[in-house]
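Since the structure comes first, as structure tokens, the remarks are kept for the end.
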Amino acid sequence: MALEWMPRDNEAKDHSLHRNPYWSNEAPGVIFEKKPLTDPAGKEVKGLYVAWITLNNPKQFNSYTTDMVKGVIAGFENASLDRSVIAAVFTAVGPYAFCTGGNTKEYSEYYSKRPDEYGQYMELFNHMVDAILGCHKPVICRVNGMRVAGGQEIGLACDLAISSDLAIFGQAGPKHGSSPAGGSSDFLPWFLTMEDAMYNCVSCEMWSAYKMKMKGMISKVVPVLKIDGQWVRNPMIETDNYIKDGEIVYGEYKTGDALAEGKALLKQHQANADFELLDKEVDKIVWRFANLFPACLVKSIEDVRQKKKFFWDTMKNDHRHWLAANMSGEAFLGFGAFNTKKITGQDTIDFLKFRQNVADARDWDMEMFAEVMGKPKE
Ligand SMILES: CC(C)(COP(=O)(O)OP(=O)(O)OC[C@H]1O[C@@H](n2cnc3c(N)ncnc32)[C@H](O)[C@@H]1OP(=O)(O)O)[C@@H](O)C(=O)NCCC(=O)NCCSC(=O)C1=CCCCC1=O
């Protein structure tokens, strides 16, 4: 006799935390989808899914608004708790950007000079990073375009990145009034050498996908331009040569006429980018994961993730407080300058004048701020 006599409740419970209030197909928003798992021949596997969490704000380069942050949290928390989900894919709409971070319009027009409001926002932002790092499914960043600022931070929180070769990677904070304290300063030194992490974090220079692949920050780069039926690698980036005149040129921007030609070709074709190869690579990884023991897989992933979490968990509350305070000073100026670039014709402040004012121990009042901001054009 077995144990049939023991009372059992066999009705499957619903563990999903969220009922999609922050998901929508309307931009700006976050799209949450459960796509069927497919085998290498493209055949659907019954009852198993991949959760796709898609940032949908292409007009503003998929920057996340406050409500979108909530949508991302809901997406990862539901994916984590869904027993039919194999992996989560984090991506965005369109051929230009995965994400360029916080929405600078919201930052400038609402959060600047409201430090407590921004502190509350940062709690949501930190929760978004925690939801990615805490998702009990493998998380793949499908980098459909540039991954900049907070976009780089939420991308680095993912377990693996597969990238379009048109993507660029970097930070924008020190140029536009913030610091890469949404994860990059904690994660990047794990991905790159300390020297590279330092420079990429602070310089606001954008590095190509090929360069980042070479440096080990992402898993795979694929072309997305298909011209006359042929895949064409990013025409602005050197990929055919490794060394020129004793310098590593692979992954660097071309120069002179070659760069101008590349730019023109990109301008002509980027809008019609084809993500077939990108999706194939994502599917390949998901299929590999689907054919591993789920518990052993996620335990292994979370053991590696823990190293990223170590510094993030140590620093995240401090980041929240500093970023809140900063919203009344440099962030007011930096995001204000970027947000008013169409009014003034310049997207940054006059940094040297600002430093001169600081050197003269000037009060940080609106008079001093006005001296360094652009002026409305006639
Ligand atoms: C370098 C850029 C990312 C790309 O430059 P470029 O290719 O020249 O494109 P643009 O013409 O600048 O941008 C195209 C349109 O998109 C709008 N846009 C771009 N990014 C944002 C954004 N983040 N929010 C809102 N709108 C955005 C841009 O205004 C253009 O619109 P238009 O109407 O003119 O067509 C460059 O775009 C850039 O530097 N963007 C700003 C990046 C930025 O500062 N992000 C916020 C950084 S701070 C952050 O993310 C943080 C995260 C958590 C921790 C704290 C924190 O600060």
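Atoms within a ligand are numbered from 1 in the order they appear, just like the ligands themselves. Being a predicted model, the structure only gives us computed values, none of them experimental.
- Placement of Ile349 and Met366 within a single hydrophobic cluster is found when ILVMFWY residues are connected by side-chain heavy-atom separations under 4.5 Å, directly or transitively.
- Within the structure, the closest approach of Lys341 to ligand 1 falls below 4.0 Å when heavy atoms are considered.
- At least one heavy atom of Phe335 sits under 4.0 Å from some atom of ligand 1.
- Considering backbone and side-chain N/O of Gly102, one or more are found under 3.5 Å from N/O of ligand 1.
- Residue Leu160 is grouped with residue Phe76 when hydrophobic side chains (ILVMFWY) are merged at heavy-atom distances under 4.5 angstrom, including chains of intermediate members.
- Residue Met206 has no N or O atom closer than 3.5 Å to an N or O atom of ligand 1.
- Counting protein heavy atoms only, atom 40 (N) of ligand 1 is closest to Phe338 CZ, 3.3 Å.
- Numbered from 1 in the order shown, with element, the atoms of ligand 1 that lie under 4.0 Å from a heavy atom of Tyr118 read 55 (C), 56 (C), 57 (O).
- Close approach of ligand 1 to Ser63 is summarised as follows: ligand atoms under 4.0 Å from at least one heavy atom of the residue are 22 (C), 23 (N), 24 (N), 25 (C).
- Distance remark: protein heavy atom not present below 4.0 angstrom from atom 5 (O) of ligand 1.
- In terms of protein heavy-atom proximity, atom 26 (N) of ligand 1 is closest to Gln60 CB, 3.5 Å.
- At a cut-off of 3.5 Å, with distance as the only test, no side-chain donor of Glu252 or Ser208 sits close to an acceptor on the other residue.
- Less than 4.0 angstrom separates some heavy atom of His176 from each of these atoms of ligand 1: 39 (O), 44 (O).
- Under the 4.5 Å side-chain contact rule for hydrophobic residues, Ile218 and Ile285 share a cluster.
- Side-chain contact check for Glu238 and Tyr250: no donor-acceptor pair (N or O, by modelled atom type) lies under 3.5 Å.
- Residue, atom and distance of the protein heavy atom nearest to atom 16 (O) of ligand 1 are Lys59 O, 3.5 Å.
- Residues Tyr121 and Tyr118 bring their aromatic ring centres within 6.0 Å.
- Each of the atoms 45 (N), 47 (C), 50 (O) of ligand 1 lies under 4.0 Å from some heavy atom of Ala149.
- Numbered from 1 in the order shown, with element, the atoms of ligand 1 that lie under 4.0 Å from a heavy atom of Tyr64 read 50 (O), 52 (C), 53 (C).
- Residue-ligand proximity, Glu153 to ligand 1, at heavy-atom distances under 4.0 Å covers atoms 52 (C), 53 (C), 54 (C).
- If you number the atoms of ligand 1 from 1 as listed, the ones under 4.0 Å from a heavy atom of Gly101 come out as 50 (O).
- For the residue pair Asn200/Gln171, the side-chain donor-acceptor check at 3.5 Å is not satisfied.
- Residue-level proximity to ligand 1 for Leu323 is carried by the side chain, the only part with a heavy atom below 4.0 angstrom.
- There is a path of hydrophobic side-chain contacts, each under 4.5 Å, that joins Met217 to Tyr253.
- Counting atoms of ligand 1 from 1 in the listed order, those under 4.0 Å from a heavy atom of Gly150 are 49 (C), 50 (O), 52 (C).
- Not a single heavy atom of Tyr111 sits under 4.0 Å from any atom of ligand 1.
- Closest protein heavy atom to atom 21 (C) of ligand 1: Thr100 OG1, 3.3 Å.
- Ring planes of Tyr64 and Phe125: tilted class, angle from 30 to 60°.
- A perpendicular orientation is assigned to the rings of Phe98 and Phe90, their planes being inclined by more than 60° (bins at 30° and 60°).
- Here the protein heavy atom with the shortest distance to atom 13 (O) of ligand 1 is Phe61 CE2, 3.8 Å.
- Contact of the Leu81 side chain with the Leu17 side chain is registered, since non-hydrogen atoms from C-beta on lie closer than 4.5 Å.
- A chain of hydrophobic side-chain contacts below 4.5 Å, direct or via other Ile, Leu, Val, Met, Phe, Trp or Tyr residues, connects Met206 to Ile248.
- At least one heavy atom of Lys342 sits less than 4.0 Å from an atom of ligand 1.
- When non-hydrogen atoms are compared, ligand 1 lies under 4.0 Å from neither the backbone nor the side chain of Lys175.
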